[in-house]
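Please read the structure below before turning to the comments.
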Amino acid sequence: MTGPFRPTVAEVDLEAIRHNVRALKPDGVELMAVVKADGYGHGAVPVARAALQAGATWLGVALVEEGLALRDSGVDAPVLVLSEFPPGSEKDALEAGLTPSLYTERGLAALAGAAGRDVGVHVKVDTGMHRVGLWPPEEALAFADRVVDAGLRLEGLWTHFARSDEDAAVTTGQLERFLTVADALGRAGHRPRYRHAANSAATIRLPAAHLDLVRVGIALYGLGAAPGLAEEAGLRPALSWRSEVSMARRLPAGESVSYGHRYRLERDAWVATVPVGYADGYSRRLSGRAEVLLGGRRRPVAGTVTMDQILVDCGDDRVEEGQEVVLIGRQGEEEIRADDLAAWSGTIPYEIVTGIGGRVPREHRG
Ligand SMILES: Cc1ncc(COP(=O)(O)O)c(C=O)c1O
């Protein structure tokens, strides 16, 4: 195939990724770049490479398939799969050198059967998130014995925070419970090389949680898990989402635009058509709420977001086909952030960037 022909692109600044790794990595602590969901929509392989160049030593993925794709692209850094390997995937995952998370008897048995050589595992304990992990966390004591008896190596012990972006007391409580288990394991002779707990918010706000390694996702991309966090840590957003005006015309007052005619022009106005829609991840919930940047100014999205196109009310300002439109990013003095789209559509920036569709080409620079 040739192309892409469409003018709608997500541009990813890899220098921003490197800057963010350097800004986030605590001294003497390793950093895992969490590149699941195609690097939070930024492109897992280029992001992984940039993060490793800047000092990350681990990569984190949600799926075995995501780990295999990194290996197929020649990425050979340690990769932790953040949930247990699904049944049947163990052989492929181990052959590719992916590191397993472990927290069930079934997972342990499957791995013990498949592991032919020295395999380091990261046992996950549930300290309150109640998604996956050994519960209660004290179960890890007997489990660690069984891991070793099965011929596996206990390389890591880890947990995940439920509210590190909003509640320091709950997070500290989870951390204390985790450390109590880690200490008990140590007394029983299990001293994993890595104890890890911190996601982005805890990496920025709770140094006590840094331990041996931090697992950084959203902040790697320059976005905040909570309002103000990205700015607090001096992060740079890596992704900008741009398009161009595909059609422009002046419509008379009283005309209504897009499906349902939900937006009526109160006066004559220039209206621009932009080729991006909800099939690209520009949510229909942004209808009548979002703004874009066009001609250096913020402009309202007029009416309903359609599958492939939106309309933009430019008022008296003449617009022309081919003019740049910014959905996320800077234009002139103005900036629209993924956080803005999240607020307008009632979600979090994570969902905005991971939701940018596969048919939007990613362009990497830097
Ligand atoms: C287990 C685990 N660790 C770390 C992260 C990274 O979290 P964040 O993107 O908030 O840094 C995630 C992401 O959801 C995760 O599931």
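Counting starts at 1 for both ligands and their atoms, following the listed order. Just so it is clear, the model here is predicted, and its values are computed rather than measured.
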Going by ring pair (Phe, Tyr, Trp, His ring centres under 6.0 Å), name the pairs with one or both residues in residues 128-150, residues two or more places apart or in two chains.
H130-W135
S345 versus S283, side-chain donor and acceptor atoms under 3.5 Å
no
So is there a nitrogen or oxygen of K124 less than 3.5 Å from a nitrogen or oxygen in ligand 1?
no
So which bit of S200 gets within less than 4.0 Å of ligand 1, heavy atoms only: side chain, backbone, both or neither?
both
Under 3.5 Å between some N or O of ligand 1 and some N or O of I218?
yes
What protein heavy atom sits nearest atom 1 (C) of ligand 1, and how far off is it?
W158 CZ3, 3.5 Å
I'd like to check V12 versus R365 (side-chain heavy atoms, cut-off strictly below 4.5 Å). Are they in contact?
no
Say whether T104 and E84, considering side chains only, have a donor N or O and an acceptor N or O under 3.5 Å apart.
yes
From L59 CG over to D76 CG, what is the distance, rounded to the nearest 0.5 angstrom?
10.0 Å
May I ask you to identify the nearest protein heavy atom to atom 9 (O) of ligand 1, giving residue, atom name and distance to one decimal place in Å?
Y40 OH, 2.6 Å
For atom 7 (O) of ligand 1, closest protein heavy-atom neighbour:
N199 CB, 3.6 Å
Can you report which non-hydrogen protein atom sits closest to atom 2 (C) of ligand 1, along with the distance?
H160 CE1, 3.3 Å
Could you find the nearest protein heavy atom to atom 10 (O) of ligand 1 and give me its residue, atom name and distance?
Y350 OH, 2.6 Å
Close-contact set for ligand 1 against R131 heavy atoms, below 4.0 Å
16 (O)
Under a 4.5 Å cut-off applied to non-hydrogen side-chain atoms, are D165 and N199 in contact?
no
Write out all pairs satisfying ring pair (Phe, Tyr, Trp, His ring centres under 6.0 Å) with one or both partners inside residues 274-316, taking only residues at least two apart or from two chains.
W241-Y282
What do you reckon, does G217 have a nitrogen or oxygen under 3.5 Å from a nitrogen or oxygen of ligand 1?
yes
Please indicate whether E333 has more than 12 foreign heavy atoms, meaning atoms of other residues, nucleotides or ligands, lying under 6.0 Å from its CD.
no
Minimum non-hydrogen distance to atom 3 (N) of ligand 1, winning option of R215, M129, K36
R215
